[in-house]
Structure formats: structure tokens, C-alpha cells
Amino acid sequence: MSSVSLSRYLIEQQRVHGSIPPPLRLLLEVVARACKRIAISVGKGALGGVLGSVGTENVQGEVQKKLDIIANEVLIEANEWGGHLAAMASEEMDGIHPIPNRYPAGEYLLLFDPLDGSSNIDCNVSIGTIFSVLKKQREDPSVIDPVCEADFLQPGRQQVAAGYCLYGPQTTLVLTVGNGVAIFTLDREQGAWVLTQDRVRIPEDTREFAINMSNMRHWAAPVRRYIDECLAGKEGPRGKDFNMRWIASMVADVHRILSRGGIFLYPWDKREPDKPGKLRLMYEANPMAWIIEQAGGAATNGVQRILDIQPRHLHERVAVILGSKNEVERVTRYHTEAAPTA
Ligand code: P6P
């Protein structure tokens, strides 16, 4: 059978499932093309003069790497002129980025973390781009009202597309438009995305957990209980041994879970008690949560389904527990059991 390209996959999604109108298909093809350009810059490394930091901090107060800026600029420039977006939002930018007046505007809202895991760039560990697409809600479709940050503040269940591009030994694009999860591998000779797996499924059970163990003393009791049980192995209450992985690139850890199951936890911890977690809801947790759910997994903040969280601001943070369904449900149950009875 001839290989299936990204364009053919999206056209079939449009024709067979009617799930993606042409402007959304075009948007996703533009994002995928931008990811190819980012992959080229990432792949050059020291030869491209793209390593190291630029000496500034982003809106999160994090040191910006040169590749953070490059990836952000590639995504902004690629998506401004197409006519399918009302605005964009990025981890690297404070507010929203409306489409300049010289270009036509559309009805979609694109959010992204242009380069997730950038602390790994200089040591050549996999990093990635995460993106989420929402639709600008209009009370009256005939009224073209100006786009504002409030248009972005929709729960993750409203997403119309979500995906990530992993810049690793292979360059892989993972995408859902609501009909399961598809994985495309970049044919670097042809510069083409080729469908290499469709309808990805995550095993409901696992023996592998991903968490930054150095934070153990800061965790809340339910997370501590869950990890202690994993560490107790087959002599403990779980009756089986567990393995641990922590790449410190969410994209890479999530891709491993998508590939063979597992559970990923970045929980609340008492280092920043007033913040629910480290990861960002709109352009990290929401797209990853939808992908994981579309592959048969689960994603909560310990208490609530991530996709049901009503955002209050663009760069809102959240605790993230996602992956193999039965394990995520166990951690969530431990939170419920620990909650004070009313
Ligand atoms: P820590 C990368 O900076 C990131 O946002 C995620 O990709 C990753 O899972 C997490 O932070 C790693 O955090 O505290 O272990 O360095």
C-alpha cells in the first residue's frame, strides 16, 4: 500500500469523518510545515549557532534559549498570513498575538509551546513543539468582533485539534482531531510527513512511572503514597515491580507513554504552594491530555479531568497526572480518599 501523507490523512478525516473543515486542515498543514523548519534548526545544533541562551527571560521568568526564540518566530511567521487564524498565543509571549491587519483573519485560535524541554537543548536530549487549536466562539456569526485573551479561555474539551512534534532520533508529529491519535514520521530525504501509526492505544495498566523524584519531600500525601507503593515493588501493596523514567521533556515522556504505556506526574508541590503545578494548562496540559484520552488513557490534575478545567488566564499552571487509565484513576482515588470530608 502506498504511504499515507499528512495531507491525505487530513483530507480523509475531512471527507470520511467530516471532522475538520478545509481551513482547519490548512492550518494543521502550516503548523506541520513550521515544525519541519524547527526540526532543521534543532538538528543543526552547534553548527547552526542555535545553542545557548539569549540572556532574556520569558513571561514565565524562565531563561530563554536561542532555539526558544527561533521556534516561536517560525510558528508566528508561518501562521500569520494563511487567513485561518484569529490570533495566536505562546508560552514565549505575554499576551495574545492578533493577526496583523495586512492579512485576512479566520476563526481559529492557535496556542503553542514552541520548544518544550529547552533545558535539554544543549545536551542533545529530545525536545518538542506542543500545539492546541480552539475555535473563536461567536454569539452572532455575522458580527466580526475583535479577538481578545478571553476568547482563548476555553476548557480543553473545546479543542478542535491538538498535537506535538518530537525532535528526537526520529522527527515525529503526533496529532488528534478527535478521531483517535495518528503518528507521522518525517521522511527527511523527501521532507514529507508519512503516517506510521494510526489509532494509537495506550495500555490501561503499566509498570513504569515518570516523575522528578528530587521533589519527593515536597509532594502532597496522595502522590507520596502512590510513588511509595510503586517503589515497594512486588513485596508491597501493588504486588509488582515498577520502573522509572524522567526525561524532563514532557513531549518525550508523553511520547514514551503513547508508545508503551506509563504514568506521568508533575503534581502540586509545596515549593510554590500558591501555584497548582509547574506545567501550563492551555498549551501543554490540554493538548497532551486530549491526545492521551484519544488514545484510551486518562489525564487529571489529581482531582478533576484536565479537559474540564475552566482557565482563568492564558498562562495558568496546573498539576498533571496522565497516562495509563487504571494508574491515573488510582492516583486520583488517593486524592479523593485524602480529601477532608465535608
Ligand atoms: P523539572 C520542561 O521545562 C518542562 O516544562 C516539561 O517539559 C518537563 O516535563 C518539566 O518541565 C521538567 O521539569 O522540574 O523536572 O526540570
Side-chain angles (χ1 to χ4, degrees), residues 35 38 42 51-54 56-72 89-93 111-132 162-168 172 174 208-220 223-224 227 244-259 262-273 275-292 297 299-302 306 314-323 328 331:
C35 288
I38 295 169
V42 167
L51 300 183
S53 302
V54 290
T56 55
E57 288 188 347
N58 63 13
V59 64
Q60 326 287 346
E62 294 170 338
V63 172
Q64 286 185 302
K65 302 282 190 176
K66 287 177 190 165
L67 270 173
D68 284 324
I69 304 291
I70 292 167
N72 194 61
S90 164
E91 181 191 51
E92 298 300 327
M93 299 186 300
L111 303 98
F112 47 85
D113 178 356
L115 210 57
D116 174 69
S118 38
S119 62
N120 283 319
I121 292 174
D122 296 350
C123 49
N124 196 19
V125 171
S126 299
I127 49 185
T129 297
I130 310 172
F131 61 92
S132 168
Y164 62 81
C165 189
L166 178 59
Y167 310 114
T172 46
V174 176
E208 198 158 64
F209 66 89
I211 195 167
N212 183 335
M213 289 295 287
S214 68
N215 300 326
M216 178 178 262
R217 64 189 185 284
H218 305 305
W219 300 334
V223 172
R224 184 70 190 260
I227 297 296
M244 195 208 90
R245 288 283 184 274
W246 188 248
I247 304 172
S249 264
M250 184 185 198
V251 185
D253 281 313
V254 167
H255 196 70
R256 183 191 58 255
I257 289 168
L258 211 56
S259 308
I263 181 169
F264 171 98
L265 305 94
Y266 210 112
W268 169 92
D269 73 48
K270 61 178 186 249
R271 290 174 297 169
E272 294 184 295
K275 291 197 175 75
K278 171 180 181 180
L279 302 180
R280 287 83 180 180
L281 173 62
M282 299 300 296
Y283 39 80
E284 289 178 337
N286 273 342
M288 292 309 203
W290 196 29
I291 289 168
I292 291 292
T300 78
N301 63 358
I306 282 178
L314 201 54
H315 298 294
E316 181 163 334
R317 294 170 182 259
V318 67
V320 177
I321 299 159
L322 60 76
V328 174
V331 181

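Count residues from 1 along the sequence. None of the values given here were measured: they were computed from a predicted structure. In listed order, ligands and their atoms are each counted from 1.
Residues Val174 and His255 have side chains in contact (heavy-atom distance under 4.5 Å, counting atoms from C-beta outward). Inter-residue side-chain proximity for Leu314 and Arg280 is flagged as unmet; no heavy-atom pair is nearer than 4.5 Å.
Residues with a heavy atom under 4.0 Å from ligand 1: Asp116, Gly117, Asn212, Trp246, Ala248, Ser249, Met250, Phe264, Tyr266, Lys278, Leu279, Glu284.
By the 6.0 Å contact criterion, CG on Asn212 is enclosed, its count of non-hydrogen atoms from other residues, nucleotides or ligands being greater than 12.
Here the closest non-hydrogen pair linking Pro114 and Ile38 is O-CD1, 4.5 Å.
In this structure, the side chain of Asp113 does not engage the main chain of Thr129 through any donor-acceptor pair within 3.5 Å.
Note on Asp269 versus Lys278: no salt bridge recorded, every NZ/NE/NH1/NH2 to OD/OE distance being 4.0 Å or above.
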